[in-house]
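Contents: one structure, followed by commentary.
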Amino acid sequence: MSDNIAIELKGITKTFGSIVANDNVDLKVYKGEILSVLGENGCGKTTLMNMISGIYFPDKGNIYINGEEAHIASPKDALNYKIGMIHQHFKLVDVFTAAENIVLGLKKDYKSANGNSRFKTMFKTGADLAKESIVSLSNKYGFDIDPEKKIYQMSVSEKQTVEIIKVLYRGADILILDEPTAVLTPQETEKLFEILKKMRDSGKSIIIITHKLHEVMAISDRVTVLCKGKHVDTVKTSETTPNALAEMMVGQKLSLNIYRGDPVNPEERLVVKNLNCVSREGVKILDDVSFTAYSGEILGIAGIAGSGQRELLESIAGLQKVHSGEITYNDPTTGKVENLRDKTPMQIRNLGVRLSFVPEDRLGMGLVGNMDIVDNMMLRTYGKGGPFFLHRKNPKKLAEDIVERLSVSTPGISTPVRRLSGGNVQKVLVGREIAASPTVLMAAYPVRGLDINSSYMIYNLLNEQKEKGVAVIFVGEDLDVLIELCDRIMVIGSGHITGIVDGRRAEKNELGILMTSSKKYDENLTDEEGTTDAN
Amino acid sequence: MVSIASVIQRALVQSAPLLFGSTGEILTEKSGHLNLGTAGTMYVGGICGVIGAFFYERSIPDGGTLNPFLAIIIPLICSIIGSLIMGLIYCFLTVTLRANQNVTGLALTTFGTGIGNFFGGSLVKLVDSDVASVNFSRTSELYRAYLPFADNLGWFGQIFLSHGFLFYLGIVLAIISTFVLNKTAKGLNLRAVGENPATADAAGIRVNLYKYVATCVGSIISGLGGLYYVMEIGNWSNDGFGDRGWLAIALVIFAVWKPNFAILGSILFGGLYIAHIFIPNISASVSELIKMLPYAVTIIVLIVTSLRRKRENQPPAHLGLSYFREER
């Protein structure tokens with residue numbers, strides 16, 4: 001059996017600063033098999049694969065290929081070991097043709113010039129010379145591709161095909177696919193799986209990274225589960241069930257002791273109905289999303305990264321174009337119902353809607369890194385100054401207040417915020433958003449990258465807002481936190497809601513299954529029966 | 001009254017420095033680096049050639065004859081070394097240290113112009129002449145030498161054959177660049193580096209090496225434009241080169257990043273640049289307006305290509321951005 005191993009990882013460890021991305025991971029892939037690597041976001045799947053494909057170099061541990069120790073320091077080395085990776089974000093040059101992308105980085109292949117003299121082929125490009133071998137590869141595995149077509153004219157699935165041919169053309173025997181189905185339609189997925197099976201049957205080893213349990217069950221021979229950078233287990237697909245995998249994936253429940261009060265007189269604050277959004281490429285990113293955020297409660301949003309959380313918050317904040325649906329806001333002071341759809345953030349503010357948004361990208365969307373704390377405070381309130389000159393007095397007071405109250409560690413309020421640590425940047429941002437005394441507070445991954453103390457401080461701030469009757473929407477990635485902090489948890493999967501569960505009764509593996517399921521949540525069913533079971 | 005042939009001939013003379021400048025800049029930009037230091041590089045290429053020519057001429061005693069081979073090769077090598085250093089400075093700052101390309105380029109333009117004027121001024125002091133210019137007409141004559149029978153061929157000879165060897169070198173370099181970019185594996189790799197360096201990196205292409213080589217070769221070619229200009233004039237006076245460096249950068253846009261298009265574009269630009277001389281009875285202000293035409297044409301081309309949004313006519317997608325593999 002051992003000479004049948006295509007690639008073996010032993011004790012791989014990789015750290016980025018203080019974050020351990022992979023901790024002593026072992027992995028084995030046999031020849032002629034499809035191995036799924038399953039895990040939540042940030043569990044280190046992609047990092048691990050990047051080490052096999054030469055993007056990163058492991059801090060510790062060894063990689064063996066065909067039984068011999070391999071030293072993979074660059075993508076080129078990986079290629080020499082016949083390893084090819086198909087990245088989630090395609091590595092293709094848009095203005096090149098399929099054939100040009102396929103031969104990129106290779107020498108001209110004169111051998112395929114069919115006996116023509118070297119001089120004759122000099123005026124042909126490498127792409128022209130490679131065309132025949134591309135067509136024969138396509139026929140062998142059943143691809144459908146036009147080598148002359150430019151990448152920017154291609155659909156997502158065609159681009160993926162080019163990526164796969166690219167690694168095959170380079171003679172890869174070990175193929176790594178990073179979430180290949182995330183961007184495909186079900187029909188395209190089926191076609192891809194057919195191709196993958198053909199490649200497996202011809203002796204290639206395939207590693208596929210995915211979150212989708214039903215695909216794991218459909219395509220793979222074995223499954224390796226990672227959780228928080230650690231290898232949990234590797235099992236045969238035929239001997240396991242989706243539930244067992246989901247349980248392994250989310251890991252053991254941890255007790256965090258986050259305070260959670262009971263909501264006081266919840267009222268409907270923000271109502272979203274049948275919201276649809278389409279990305280620039282024409283792919284649906286939000287699919288018929290409906291929910292209500294109540295005052296005085298924290299609504300958690302759980303889901304695999306990139307399932308539409310960001311677009312959802314941005315549609316509410318007026319930053320994302322909405323295709324169809326309704327977003328309405330019930331004003332607690334006037335009792336009026338305001339429509340927020342198709343309004344800019346400024347128009348929303350002028351309506352008297354007090355909406356605060358702590359975006360995921362703190363220094364990109366939330367704050368201006370090169371400006372100091374006072375100036376960043378003014379980003380929200382500069383309109384309140386005089387007609388010509390800015391009033392710096394109040395923002396300065398606010399900045400001092402935030403620094404003191406949230407114990408932001410900074411040399412002073414005139415320090416550029418990019419010089420602060422991640423936690424302190426977040427405190428400044430959350431502090432500013434809370435200072436606007438919002439009625440709706442949306443926070444996307446507010447504790448990402450923060451240490452424990454800062455995280456708890458943010459939880460307390462959110463709880464404080466909740467007690468004041470604010471409708472808090474909290475997008476999180478740590479299920480333990482969501483379960484302990486939120487009153488209700490809405491799970492979102494590939495653009496639609498897969499379930500809304502009571503935070504006090506939620507089970508971790510239940511959330512794990514919802515996150516990876518593709519079934520749409522039926523609101524009416526739970527409203528009548530009062531259950532939270534979406535399966 | 002001037003003949004059409006002499007107008008065209010002078011337009012061609014004006015076109016050559018622009019063609020060198022933009023061929024070099026296109027190669028650089030194809031690697032994703034916007035080198036706004038081209039104007040400075042051309043200046044340095046010019047003054048280094050002048051320094052070489054000046055000292056070689058001075059080393060020959062009065063009445064002696066120049067060795068034609070040395071008289072050509074010394075300024076040429078000086079010019080190449082000068083612009084290569086400019087290219088290396090730019091690369092070290094923007095590729096290795098990942099400094100802002102625009103700032104670096106503008107700084108190098110100021111620096112290059114300053115270098116040119118400083119050494120130009122020093123040479124003027126050395127010869128102790130009354131006019132603020134350095135003369136190296138004997139070398140210049142060698143650079144401008146053309147086939148003897150060109151004069152007998154009428155307008156054809158005047159337009160096509162009356163130029164020094166550097167003129168033809170410029171056109172050959174533009175054609176070779178087009179061939180390399182479009183037909184060779186190296187050219188494909190270089191274009192990939194400028195379009196999407198992460199992809200190129202994953203394909204095993206040595207991104208930084210390509211950036212260095214493209215920028216340095218580009219700088220050398222640009223610098224030859226400066227050399228051609230000073231050799232055509234035959235003397236150096238400070239700031240004589242004018243805004244030709246910027247015109248070369250505008251020509252890159254006009255030629256939609258294709259060196260073969262730049263050949264025709266450079267002739268048009270060269271013609272427009274001196275058009276005011278041939279229009280009789282115009283005031284100084286009108287002639288300044290006419291000098292502006294190449295820039296106006298560039299803006300029109302930018303508007304048209306931006307409106308048409310044809311992907312092939314856009315600048316390299318990663319132009320002006322630094323690349324760092326481990327950026328997360």
Side-chain angles (χ1 to χ4, degrees), chain A residues 14 16-17 19 21 42 46-47 50 53-57 73-80 83-87 89-97 99-110 121-130 150-153 159 162-163 166-167 169-170 449, chain B residues 26 29-32 100 103 175-211 213 256-258 260 305-306 308-319 321 323-328:
Chain A
K14 176 79 183 171
F16 293 104
I19 300 158
T46 305
T47 308
N50 277 340
S53 63
I55 308 266
Y56 302 137
F57 195 75
S74 74
K76 211 172 181 171
D77 291 349
L79 214 59
N80 292 338
I83 300 168
M85 180 152 175
I86 289 113
H87 295 266
H89 304 285
F90 299 136
K91 304 228 174 209
L92 295 171
V93 181
D94 273 353
V95 294
F96 286 6
T97 64
E100 282 176 325
N101 269 293
I102 289 166
V103 299
L104 186 65
L106 301 177
K107 288 206 174 76
K108 257 197 210 181
D109 185 8
Y110 286 105
T121 53
M122 198 179 116
F123 291 95
K124 290 208 167 177
T125 61
D128 289 332
L129 296 174
K150 294 263 163 87
I151 299 298
Y152 66 84
Q153 295 165 328
K159 287 182 194 172
V162 175
E163 281 279 22
K166 190 165 131 186
V167 295
Y169 183 81
R170 280 142 214 263
Chain B
I26 288 170
E29 289 195 14
K30 283 287 178 189
S31 76
N100 182 304
V103 175
I175 293 170
I176 291 178
S177 304
T178 308
F179 177 80
V180 168
L181 283 175
N182 294 327
K183 295 284 179 190
T184 65
K186 296 267 183 294
L188 186 72
N189 294 352
L190 174 61
R191 284 188 287 142
V193 168
E195 291 287 342
N196 194 335
T199 297
D201 198 9
I205 296 169
R206 294 172 70 185
V207 173
N208 282 359
L209 181 72
Y210 269 85
K211 282 172 182 276
V213 171
V256 290
W257 291 267
K258 294 184 174 69
N260 49 346
T305 53
S306 304
R308 287 184 60 212
R309 286 175 171 276
K310 199 170 168 228
R311 291 291 291 269
E312 284 78 5
N313 290 345
Q314 301 302 319
H318 223 254
L319 184 63
L321 306 169
Y323 173 64
F324 180 42
R325 183 189 289 171
E326 292 206 10
E327 209 153 67
R328 278 163 60 100

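Numbers restart at 1 for each chain; the letters A, B, ... are given by sequence-line order, proteins then strands.
Between A:Leu104 and B:Ile205 there is a side-chain heavy-atom pair separated by less than 4.5 Å. Within the 4.5 Å cutoff, the side chain of B:Arg191 has no heavy atoms near those of the A:Val93 side chain.
Judged by distance alone, the side chain of B:Asn196 and the main-chain N or O of A:Leu92 form a donor-acceptor pair under 3.5 Å.
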Inset, instruction - May I have the step-by-step check of side-chain contact (heavy atoms from CB on, under 4.5 Å) for B:Gln314 and A:Asp94, ending in yes or no? - result: CA-CA 11 Å; B:Gln314 301 302 319; A:Asp94 273 353; over 6 Å; no

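No more than 12 heavy atoms of other residues, nucleotides or ligands shown are found within 6.0 angstrom of NZ on B:Lys186. Dense packing is recorded around NZ of A:Lys150, with more than 12 heavy atoms of other residues, nucleotides or ligands lying under 6.0 Å away. By the 6.0 Å contact criterion, CZ on B:Arg206 is open, its count of non-hydrogen atoms from other residues, nucleotides or ligands being 12 or less.
Nearest heavy atoms, A:Glu100 versus B:Leu188: O-CD2, 3.6 Å. Scanning both residues, B:Ala202 and A:Lys91, for their nearest heavy atoms gives CB-CD, 3.8 Å.
Ranked by heavy-atom pairs under 4.5 Å with chain A, the list B:Ala192, B:Pro316, B:Ala317 is led by B:Ala192.
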